[in-house]
Amino acid sequence: IFLRGCELLDTPPAATLYVGDSFGNDVIGAQGAGLLACWYNPQSLPAPAGSAPPQYELQSLRDLPQLL
């Protein structure tokens with residue numbers, strides 16, 4: 001699904017930022033497809049042990065425009 005979104009947007013995965021609130025589904029999925037991952041983590045939960053950290057992490061969506 002991540003790569004299909006890139007195809008529809010006509011953007012390469014490495015230049016695409018995916019923002020999601022589920023570490024397991026969003027961060028790991030986006031990274032596995034070669035996208036940049038941003039974890040929306042308003043509760044400041046720790047990342048699962050042994051997992052690669054996301055390229056970006058936000059506690060507030062107000063900070064999202066700074067990444068774009």
Side-chain angles (χ1 to χ4, degrees):
I1 190 103
F2 298 98
L3 296 178
R4 179 67 178 139
C6 291
E7 287 174 18
L8 292 172
L9 294 170
D10 195 28
T11 60
T16 304
L17 177 66
Y18 186 89
V19 180
D21 63 350
S22 168
F23 195 96
N25 294 325
D26 299 323
V27 173
I28 293 174
Q31 289 177 332
L35 284 74
L36 299 171
C38 177
W39 184 23
Y40 174 57
N41 183 13
Q43 298 175 344
S44 298
L45 299 172
S51 59
Q55 286 82 2
Y56 303 98
E57 184 174 335
L58 297 174
Q59 279 72 47
S60 172
L61 290 177
R62 289 185 204 130
D63 297 328
L64 181 59
Q66 297 173 25
L67 296 180
L68 305 176

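It should be emphasised that the depicted structure is a prediction, and the values quoted were computed from it without experimental measurement. Just so you know, these numbers use all the heavy atoms, side chains as well, and skip hydrogens, waters and symmetry mates.
Judged as a side-chain hydrogen bond (donor to acceptor under 3.5 Å, both in side chains), the pairs with a partner in residues 2-13 (not counting sequence neighbours) are, in order, R4-E7, T11-T16. Screening residues 58-68 for side-chain hydrogen bond (donor to acceptor under 3.5 Å, both in side chains) gives E57-Q59 as the qualifying pairs, with residues at least two apart or on separate chains. Pairs passing the ring-ring contact (aromatic ring centres under 6.0 Å, His included) check and including a residue from residues 44-68, sequence neighbours excluded, do not occur.
The CG atom of L35 sits 7.0 Å away from the CG atom of L3 when rounded to the nearest 0.5 Å. To the nearest 0.5 Å, atom CG of residue L64 and atom CG of residue L58 are 6.0 Å apart.
Of the residues L17, V27, D26, the one that meets the side-chain contact (heavy atoms from CB on, under 4.5 Å) test with C38 is L17.
Looking at residues two or more places apart in sequence or on another chain, you find a side-chain contact (heavy atoms from CB on, under 4.5 Å) between L61 and Y40. Applying the ring-ring contact (aromatic ring centres under 6.0 Å, His included) rule to F23 yields the partners W39; only residues at least two apart in sequence or on another chain are considered. The ring-ring contact (aromatic ring centres under 6.0 Å, His included) check on Y18 picks up F2, with sequence neighbours excluded.
Under a cut-off of 6.0 angstrom, the local environment of CG in L68 is crowded, with over 12 non-hydrogen atoms contributed by other residues, nucleotides or ligands.
Contact record, P13 with A33: CB-O, 3.7 Å, taken as the closest heavy-atom pair.
Q55 places a side-chain N or O within 3.5 Å of a backbone atom of A37 that can act as its donor or acceptor partner.
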